[in-house]
Amino acid sequence: MKKGILSLIILSIFVLCIFFLQIIIKYPYIGITVDQNQMGQFEVTDVVANGAGKQMGIKNGDIILSIDDKNPTEHLSVTKYGLIEKVHSIKTVRNGIVFTIDFGSHFFYKEQFIFHIVLPILFFCISLITSLFLIKTYEINQKVKFILIMLLQLQGMSYVVGAASARTELVAQFFSIICLLLLPLLLLHFFYLYFLKYDIQIVSIYFVKKLYLTTFSVLVITLIFWSATLSETLYSFTRIFVLFMFVLNACSCLYFFGRGFFRYWKSFYSSLFKIINGGIFASFLPFAVLYAIPTIIFKQGLISGEVAFLFTYFLPLTFVYLVSSNRFLDINFYIKRIYYYAILSLAPSLLLVIVGSTLIHNISVLKWVQIFVVVYLFFILVFYIKEELDYRFRSNLFSEKYNLQSSIYQFVAFLSREKNKKVIEQYFVNEIKAILSLKNIALLEYDKEVDSLILINGDTWDYERELLHTHLSLFFGKNFFGELQTLNTISYLIVAENKKKLTVLVLGRKKNFTAFNLDEKEWLKTISYYMNVSYQNLQMIEDLIEELENIKTKDDAPSWVLKMLFNIEEKERKRLSIDLHDSALQDQLLLYRKLSGILEKYNFDSIAKQELDFINEGLLDVIHEIRETCNELMPPFLKETGIVGSLENLFKKVQLRTNLVIDFVADRNFVYSISDEITLALYRVVQELMNNAEKHSNASKVSIYLTSEYDHIILKYKDDGEGMAGESAPAFNGRLGIYGIRERVRSVNGNIEFSNLKDSSGLQIVIEIPLDKENPIIIVG
């Protein structure tokens, strides 16, 4: 849809809002319901709390004598709706006393100024500015943009229309029904289009069309009814019916988005659905539960329509945030906090209302329900504000707790740079003793096999050592790690544990004789956990060093050691390649360009020019060699092209610089996704075989065949070179390249066989590498 059409729609809505605002300013909201009594007089039956009639002292039972100096029967709002609206003055009688009330002079002193003028203008301006911004700058699908802007405009207009509709303005009443019915429907349509870009269908477009058809049918019927003279009963029925349709449309939104959330709650779109559902609940639920449904059932809302409708402004905030933000809030955190505070606020709110209803008897049940809602929301807000203030001023309010947290950060930083076990134990003991102001502390080691308890760090003092010894022996393996246990004058906790030994931290009394509080217990548990992790890491390092020492005495290293060493080697190759490319190569290119520029700019004698050209060509050769070295150190596009494509590129380069004839055949079914580790291992093996054929075996022809079985990759190599000196692979141990090939294959749990060809001229190698079970071969025929 073109910008001109959207601008025309916005302009039309703007003109309508100006029209409705002048009605709001001209006439105050009276809020008086009247009915004819047996004597034919118009008697006041209800006075709305936030209306001008209530503020001017009108009460139930007052008799209306005239409206704007005319008979009440001549006033349209009285005869059509049973309401007194769009008036400037009325004359009433109460207990024989006649009162004349002028509403115009007191209008701006009432709360209507805020709810009927200030807030409607504010929200309409926000919606207008946002819509213009979307038209001008934001690039989204045209249908999505149209629905979004219509939604924003109806949302901005709805408050203005609502205030004018309360004054029985017929046009405003019709547009208020349009806003009320279309808001949830447009919302559903907007998110239907919005989710199409994620290939998610939250609702059928046919259902959306049926809702549109039903809604427009209701609007047409309402327009027909209201264009005629309605009775008060029919007017009330129409109002209730419209509220019912709003609740139905809102429930449709909640159902489809709730269903979408449960369908995708474990996917990437979980946060997206939580934000949408949170925005819909915050927008529609208060209006539906606190105003629409009570009005349908009890003819009166728990809160006023103006206040209830304020919640719907969470709606534009939600979808404007969605279409304009690339990062979502951690909605889980906010939902959990609100849920927690909602439960926490329930008891004090109920208690306050129950006590109040016991002491005060002249307030209706409905009023107490309203008070409960206000108090309940107030408590939730107070708890949330308290948490924010606690966070912002925690260093002043909770200095002790803050120090405990700070000490953990310092301890973790210390562990990251220290590897000596004794030094770590000393720091651990000293930190706890200083932070908790302990008189004594000890770190003990209990050996289950020899039943001994040894001090490894800390203080020696007179305490129930035998009792602790007995307790540890009886409850070995049954103590909870990090949980503080108490034995008479001492406390202890388990810091580390294995099948044979326990490391126990024993705590004496505090210097101020106080018990450990909850924060200190949690701090002890946390710092003990980090200490336990440190023990485990140190033990793993010791075990690794011990195993590496044992490997020195063996002929063959295990595959995991080879894998680790080759990974280290590849990282160094990568680092060296990057260093060469970013330093030496760039310097050579700079010198080459400068020299080429000098040769073009200046005229040299023939001998000098010949020498400079020779240097220039030499620099170009060096640049080429460095690039080739970088490519050999770190094969380019290995992951992108796969093993077959990478080998084909390698063979092309080898054939350019040598006289080798290379016959490479990859089985036609060899179209797999194999691990990067196996791909790199195969590439390095073939690379080394090419070096061996070129530099050592004097081969002129090389054949390589790559195939696979269900769970193995097979590579067969043949050349017509000198072959092996003996009958077995150990004869090649003297050649570092061949030995490296064998170890490289072993690092990926593969097998390799070396053999001479039958005529003893040439070498044959067969390599088999098993694939991971989690990543089987996918054969494409």
Do [X] and [Y] have side chains that approach each other closer than 4.5 Å (heavy atoms only, starting at C-beta)?
{"X": "V34", "Y": "I84", "result": "yes"}
{"X": "L350", "Y": "F372", "result": "yes"}
{"X": "V160", "Y": "F123", "result": "no"}
{"X": "T214", "Y": "M245", "result": "yes"}
{"X": "C251", "Y": "V247", "result": "yes"}
{"X": "Y29", "Y": "V48", "result": "yes"}
{"X": "Q173", "Y": "Y81", "result": "yes"}

| Would you call the rings of Y341 and F383 parallel, tilted or perpendicular, where under 30° means parallel and over 60° means perpendicular? | parallel
| query | Parallel, tilted or perpendicular: which describes the rings of F216 and Y212, with under 30° parallel and over 60° perpendicular? | reply | parallel
Distance in Å, [X] [atom1] paired with [Y] [atom2], rounded so as to fall on 0.5 Å steps:
{"X": "S77", "Y": "L170", "atom1": "OG", "atom2": "CG", "result": "12.5 Å"}
{"X": "I25", "Y": "I117", "atom1": "CD1", "atom2": "CD1", "result": "5.0 Å"}
{"X": "T92", "Y": "I67", "atom1": "OG1", "atom2": "CD1", "result": "11.0 Å"}
{"X": "I205", "Y": "K210", "atom1": "CD1", "atom2": "NZ", "result": "12.0 Å"}
{"X": "F256", "Y": "L188", "atom1": "CZ", "atom2": "CG", "result": "6.5 Å"}
{"X": "R94", "Y": "K59", "atom1": "CZ", "atom2": "NZ", "result": "5.0 Å"}

| Do the two ring centres, one from F246 and one from F287, sit under 6.0 Å apart? | yes
| query | Does a donor on one side chain and an acceptor on the other come within less than 3.5 Å for Y27 and H88? | reply | no
| message | Could you walk me through whether L182 and N249 satisfy the side-chain contact (heavy atoms from CB on, under 4.5 Å) test, starting with their C-alpha distance in whole Å, then the side-chain angles of each, then the deciding distance to 0.1 Å, before giving a yes or no? | response | CA-CA 8 Å; L182 285 184; N249 285 351; over 6 Å; no
State which residues pass side chain to side chain donor-acceptor pair (under 3.5 Å) with [X]; sequence neighbours excluded, sorted by chain then number.
{"X": "Q153", "value": "S131"}
{"X": "Y291", "value": "R239"}
{"X": "N71", "value": "T73"}
{"X": "Y255", "value": "none"}

| message | Run Y159 and F115 through ring-ring contact (aromatic ring centres under 6.0 Å, His included) and show every step you take. | response | CA-CA 9 Å; Y159 217 137; F115 284 100; 7.4 Å; no
Tell me the closest heavy-atom pair linking [X] and [Y], and the distance in Å.
{"X": "A163", "Y": "I24", "result": "CB-CD1, 3.5 Å"}
{"X": "I202", "Y": "R259", "result": "O-NH2, 3.1 Å"}
{"X": "A164", "Y": "A172", "result": "CB-CB, 3.5 Å"}

Quick check: does any side chain N or O of [X] sit under 3.5 Å from a backbone N or O of [Y], one acting as donor and the other as acceptor?
{"X": "S345", "Y": "A342", "answer": "no"}
{"X": "S165", "Y": "G162", "answer": "no"}
{"X": "E85", "Y": "G31", "answer": "yes"}
{"X": "T45", "Y": "T33", "answer": "yes"}
{"X": "N95", "Y": "I97", "answer": "no"}

| field | Pair I13-F124, side-chain contact (heavy atoms from CB on, under 4.5 Å): steps then yes or no | value | CA-CA 10 Å; I13 292 176; F124 176 73; 4.0 Å; yes
| Got a sec, which pairs hit salt bridge (charged side-chain N to carboxylate O under 4.0 Å, His left out) with one end in residues 147-163, sequence neighbours left out? | none
| said: Once salt bridge (charged side-chain N to carboxylate O under 4.0 Å, His left out) is applied, what residue pairs with a partner in residues 64-78 remain, sequence neighbours excluded? | reply: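 The answer is none; no pair qualifies.
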| query | Just wondering, more than 12 heavy atoms not from F19 lying within 6.0 Å of its CZ? | reply |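 Yes, CZ of F19 has more than 12 neighbouring heavy atoms, counting only those of other groups under 6.0 Å.
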| request: Starting from the C-alpha separation in whole Å, work towards a yes-or-no answer on side-chain contact (heavy atoms from CB on, under 4.5 Å) for H75 and V87. | output: CA-CA 9 Å; H75 195 68; V87 302; 3.2 Å; yes
| Where do H116 and R167 land on the side-chain contact (heavy atoms from CB on, under 4.5 Å) test, with the steps shown first? | CA-CA 11 Å; H116 289 199; R167 291 157 172 78; 3.0 Å; yes
